[in-house]
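Accompanying notes for the structure given below.
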Amino acid sequence: MPRFYVLTGLNCLLLIVAGFDKIGTAPQTEISNGLITANLYLPDHENGYYRATRFDWSGVISSLEYKGHQYFGQWFDTYDPLINDAIMGPVEDFSPLGYEEAKEGGIFVKIGIGALEKIKEAKYRFSHTYELVDGGKWKVNTDNNSVEFNHQLLDANGYAYEYSKVVELVMGKPTLEIRHKLKNIGKKRIETSVYNHNFFVIDQELTGPNIETTFPYDIYLDKSGNKRVVNFDALGIISDRSISFSRYFKKGENVYTDALMGFRDLPEDYQFSVMNTKTGAGVKVTGDKALEKIVYWANARTYCAEPYIRLELDPGETINWKNEYDFFTFEKE
């Protein structure tokens, strides 16, 4: 039976909470299609698992199991709901709206979060947790194999939107589908980039020789301009169509690059696969929009290809986009 949640404002009222008998625990729900079982945290301004200001609050998947393999989980050492990256699963981050034009003490907007207070600083920092001035209104509908999130933010310095995300385990398939819809109901044009951080933790395998990310085209690093390449010479191996690692990472080590190239300006190039060759578990990720860029980041416990797309909407316009995660197993090496 479907379950409905309504959350409003900064001091939200959780009208109906199904499946929770402990006050103060983070709202969550479990969904399954018979092949995959997943657990999701639900947005809540008071008790939500994630209440920071980097990532969209919807679609936080704390675990996903297919054929006895786990694909997501905790990868960070310290948890607090206000830490910017204390989050799990295929979560998304929209670039801010109206940040440059806002004055100190004014507001800017992040989709899936709300209106935030600008502080005195040289530039926007995703690592900073900003004061939430208006969290908008959340509505959440959960069903057996899906969760629908709807977030509405009304006038915030001319920016306003209706945003929905449906996280669905497709019946009869080992597939997770994430469908998005964004409508600009404000007076100002929306121009933003959004990427999925894809915090994979496949069978709790640490980042090292058993983790491989592959693409259906040759990839390379373009080190021209202001692009960054951190520690790939020491740890990363980029060979034709794959990214792998020469050894296990030590605690505190990471790699990063925004210089990954090889894709075309076509939706069919939004695809890659991540595999744990030790346990024989993998996932293929696809999208239906052309890539703006791909960032790659990994630390000792998670490995993340981060595909970006660009969204531009005039007032009254709506845009839809979709991502699919096809889970598979293979004969391990």
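Keep in mind it's a predicted model, so treat the numbers as computed, not measured.
- In this structure, Asn323 CG and Lys165 NZ are separated by 9.0 Å, a value rounded to the nearest 0.5 Å.
- Ile219 and Ile237 fall into different hydrophobic clusters, where Ile, Leu, Val, Met, Phe, Trp and Tyr are joined by side-chain heavy atoms under 4.5 Å apart, directly or via other members.
- A distance of 5.0 Å separates CG of Asn33 from CG of Leu169, quoted to the nearest 0.5 Å.
- Arg301 and Asp77 get closest at one heavy-atom pair: NH1-OD1, 3.5 Å.
- Of all heavy-atom pairs between Gly282 and Phe330, the closest is N-CE2, 4.0 Å.
- Connection of Trp75 to Leu206 is not established within any shared hydrophobic cluster, with ILVMFWY side chains joined at heavy-atom distances below 4.5 Å, either directly or through further cluster members.
- Hydrophobic clustering keeps Phe76 apart from Ile83 (ILVMFWY residues linked when any side-chain heavy atoms are closer than 4.5 Å, directly or through intermediates).
- Following chains of ILVMFWY side-chain contacts shorter than 4.5 Å, one cannot reach Val166 starting from Ile178, and the two form parts of different hydrophobic clusters.
- By the 4.5 Å heavy-atom criterion applied to side chains, Tyr49 and Tyr79 are counted as neighbours.
- Looking at Asp93 and Lys110, their side chains come closer than 4.5 Å, going by heavy atoms from C-beta outward.
- Here Lys322 does not pair with Asp288 in a salt bridge; the nearest charged N to carboxylate O distance is not below 4.0 Å.
- The minimum heavy-atom distance between Phe245 and Gly236, with the atom names listed, is CD2-CA, 4.1 Å.
- With rounding to the nearest 0.5 angstrom, the CG atom of Asn196 is 4.5 Å from the CD atom of Glu92.
- Contact of the Phe263 side chain with the Phe272 side chain is not registered, since no non-hydrogen atoms from C-beta on lie closer than 4.5 Å.
- A parallel orientation is assigned to the rings of Trp321 and Tyr163, their planes being inclined by less than 30° (bins at 30° and 60°).
- Expressed to the nearest 0.5 Å, how far NZ of Lys181 lies from OH of Tyr161 amounts to 15.5 Å.
- A donor-acceptor pair shorter than 3.5 Å cannot be found between the side chains of Asn84 and Thr129.
- Using modelled atom types and a 3.5 Å distance limit, the side chains of Gln152 and Asn150 yield no donor-acceptor pair.
- Ring pair His69/Tyr71 is perpendicular by interplanar angle, where above 60° counts as perpendicular and below 30° as parallel.
- Aromatic ring pairs are classed by plane angle as parallel below 30°, tilted from 30° to 60° and perpendicular above 60°; the pair Tyr195 and Tyr308 is parallel.
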Passes ring-ring contact (aromatic ring centres under 6.0 Å, His included), Tyr130 versus Phe108? Steps please. CA-CA 10 Å; Tyr130 295 87; Phe108 65 99; 5.2 Å; yes
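- Taking the centre and axis of the six-membered ring of Tyr270, the NZ or CZ atom of Lys289 falls outside the cone set by 45° and 6.0 Å.
- Under the 4.5 Å side-chain heavy-atom criterion for Ile, Leu, Val, Met, Phe, Trp and Tyr, Tyr124 and Tyr159 are members of the same hydrophobic cluster.
- The line from CG of Leu42 to CG of Asn47 is 12.0 Å long, rounded to the nearest 0.5 Å.
- The CD atom of Glu268 sits 10.5 Å away from atom OH of Tyr217, with the distance rounded to the nearest 0.5 Å.
- Using cut-offs of 30° and 60° on the angle between ring planes, the pair Phe232 and Tyr296 is perpendicular.
- Using a 4.0 Å cut-off between a side-chain N of Lys or Arg and a carboxylate O of Asp or Glu, Arg247 and Glu253 qualify as a salt bridge.
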